[in-house]
Amino acid sequence: MQPRERTPYSAIVDRPQIRLPDGNRIVVWTIINVEVWDISRPMARQVLPAPTGQPVLPDVPNWTWHEYGMRVGFWRFHELYEHLGIKPTLSINARVCRDYPRVAQAAHDAGWEFMAHSFEQQPIQHEKDQPAVIAKTLNTIEEFTGKRPVGWLAPGLTETLDTPDHLAAAGIRYIGDWVYDDEPAEIATKHGTLVTLPYSIECNDITVMAVQHHEGDYWTRKCIDTFDQLYLESAKRPKFMAIAIHPYISGQPFRIKYLEAVYDHIARFAGVLHWNGEQMLQWYLGQANLS
């Protein structure tokens, strides 16, 4: 199905009223992306172009740039969220459970939600058998954590036209690949409804710092401006804000303070919930029958 066949157009101003518990106004959804970059393939991102202008293998400098995030940057995140008392969603390549079990175990012990991020970091279009890689991903995470993920975020948000059908068939309940709304919504599949949660490619450190090459303070300002506008609007209708980060980007020593500044700002406001994806899903399902 084409995307338009999966979901009808919906203007946010035409929808029934929704409510957060206890009169809260806004949900902040923090997503930490941890990945495996296979050094036998071109890297998912490049911070240092090849001297000749042509990608070469093995790409040691860019592979080690990512590796820094897993060795060091992730632990800055871990310390920050322990201090804040926030339990983020971990968007995890399932292969992290095998290649970086120390990272996966620390997130599991801290009570973070595991959201499936395919098996390893490559576009879903490169997978010859999508149902098989989806099953491998979910099985691997379940074996490590004891719980099967209910959420999915594709590497680079990549999908084919039939990916939602494969995900629903595998038991996935929500996805973050559709960045088309400020609220949870629904899309149709051959195997029932999938909930789309409002992930962000705007308040995302890859977009701002790795692609657009802005400095960390610009990203902070963008996140704060987003929060302020959504909080203003939440006086009339609850709002949702996603913050998406990567250890090899925001986990760098010269950027971590800009991430901390976002939460320092948010902490000044009342009526803010820090939920993971599964909590948002359960809330949405409870609201679905409201008129």
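Here the structure is a predicted model, which is why all the values come from computation and not from measurement.
Counted by atom type alone, Glu127 and Gln122 present one or more donor-acceptor pairs between their side chains at under 3.5 Å. Remark: the Glu35 side chain and the Asn93 side chain contain no N/O donor-acceptor pair separated by less than 3.5 Å. For the residue pair Glu202/Thr226, the side-chain donor-acceptor check at 3.5 Å is not satisfied. Counting only N and O atoms by type, the side chains of Gln282 and Glu278 include no donor and acceptor under 3.5 Å apart. Residues Thr89 and Trp29 have side chains that bring a donor and an acceptor to within less than 3.5 angstrom of each other. Residues Asn139 and Arg148 have side chains that bring a donor and an acceptor to within less than 3.5 angstrom of each other. Defined by atom type and a distance below 3.5 Å, a donor-acceptor pair is present between the side-chain atoms of Ser91 and Asn33. A side-chain donor-acceptor contact under 3.5 Å links Asp109 and Gln105. Remark: the Tyr284 side chain and the Glu186 side chain contain an N/O donor-acceptor pair separated by less than 3.5 Å. With 3.5 Å as the limit, one finds no donor-acceptor pair spanning the side chains of Arg6 and Thr189.
Applying the salt bridge (Lys or Arg N to Asp or Glu O under 4.0 Å) test to every pair with at least one member in residues 90-102, sequence neighbours left out, gives these pairs: Asp38-Arg95, Arg95-Asp99, Arg95-Glu120. For residues 69-83, every residue pair satisfying the salt bridge (Lys or Arg N to Asp or Glu O under 4.0 Å) rule, not counting sequence neighbours, is listed here: Glu67-Arg71.
Asp59 contributes no side-chain N or O that, together with a main-chain N or O of Pro42, makes up a donor-acceptor pair within less than 3.5 Å. A distance-only check finds no donor-acceptor pair linking the side chain of Thr7 to the backbone of Ile187 [under 3.5 Å]. The backbone N or O of Ile201 sits less than 3.5 Å from a side-chain atom of Thr207, completing a donor-acceptor pair. Side-chain atoms of Thr158 do not come within 3.5 Å of backbone N or O of Ala154 as any donor-acceptor pair. With hydrogens and angles disregarded, no donor-acceptor distance shorter than 3.5 Å links the side chain of Asn24 to the backbone of Leu20. Side chain of Gln279 to backbone of Asn276: a donor-acceptor contact under 3.5 angstrom is found. Lys87 places no side-chain N or O within 3.5 Å of a backbone atom of Glu113 that could act as its donor or acceptor partner. A donor-acceptor pair is defined here as one N or O able to donate and one able to accept, closer than 3.5 Å; no such pair exists between the side chain of Asn62 and the backbone of Met43. At least one donor-acceptor pair closer than 3.5 Å links the side chain of His117 to the backbone N or O of Leu153. Listed for the Asp129 side chain is a donor-acceptor partner under 3.5 Å among the backbone atoms of Ala132.
Counting heavy atoms from C-beta outward, Leu273 and Asp22 have side chains that stay 4.5 Å or more apart. Here the side chains of Leu138 and Ile172 are in contact, with some heavy-atom distance below 4.5 Å.
Between Arg15 and Asp181 a salt bridge is recorded (basic side-chain N to carboxylate O distance below 4.0 Å). Comment: Arg237 engages Glu183 in a salt bridge, judged by a side-chain N to carboxylate O separation of less than 4.0 angstrom.
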Step-by-step ring-ring contact (aromatic ring centres under 6.0 Å, His included) determination, Tyr81 to Tyr263: CA-CA 10 Å; Tyr81 293 110; Tyr263 292 97; 5.5 Å; yes
Asp177 vs Tyr199, side chain to side chain contact (heavy atoms under 4.5 Å, CB included): CA-CA, chis, key distance, verdict: CA-CA 7 Å; Asp177 302 334; Tyr199 187 73; over 6 Å; no
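In plain terms, the two heavy atoms of Ala170 and Ile134 that are nearest each other are CB-CG2, 3.6 Å. For the pair Cys223 and Met241, the tightest heavy-atom approach, listed with the atom from each and the gap, is O-CE, 3.2 Å.
Taking the ring centroids of Phe74 and Trp112, they lie under the 6.0 Å cut-off. Between Tyr9 and Tyr180, the ring centre distance reaches or exceeds 6.0 Å. Taking the ring centroids of Tyr248 and Trp63, they lie at or beyond the 6.0 Å cut-off.
Counting non-hydrogen atoms of neighbouring residues, nucleotides and ligands closer than 6.0 angstrom, the CZ atom of Arg255 exceeds 12 such neighbours. By the neighbour-count criterion of 12 heavy atoms within 6.0 Å, atom CZ of Arg221 is densely surrounded, having more than that number from other residues, nucleotides or ligands.
Arg25 forms a cation-pi arrangement with Tyr231, by the criterion of a distance under 6.0 Å to the ring centre and an angle within 45° of the ring axis.
Here CE of Met1 is found 10.0 Å from CG of Asp162. Values are rounded to the nearest 0.5 Å.
Between Phe269 and His265, the ring planes lie tilted relative to each other; the angle falls in the 30° to 60° range.
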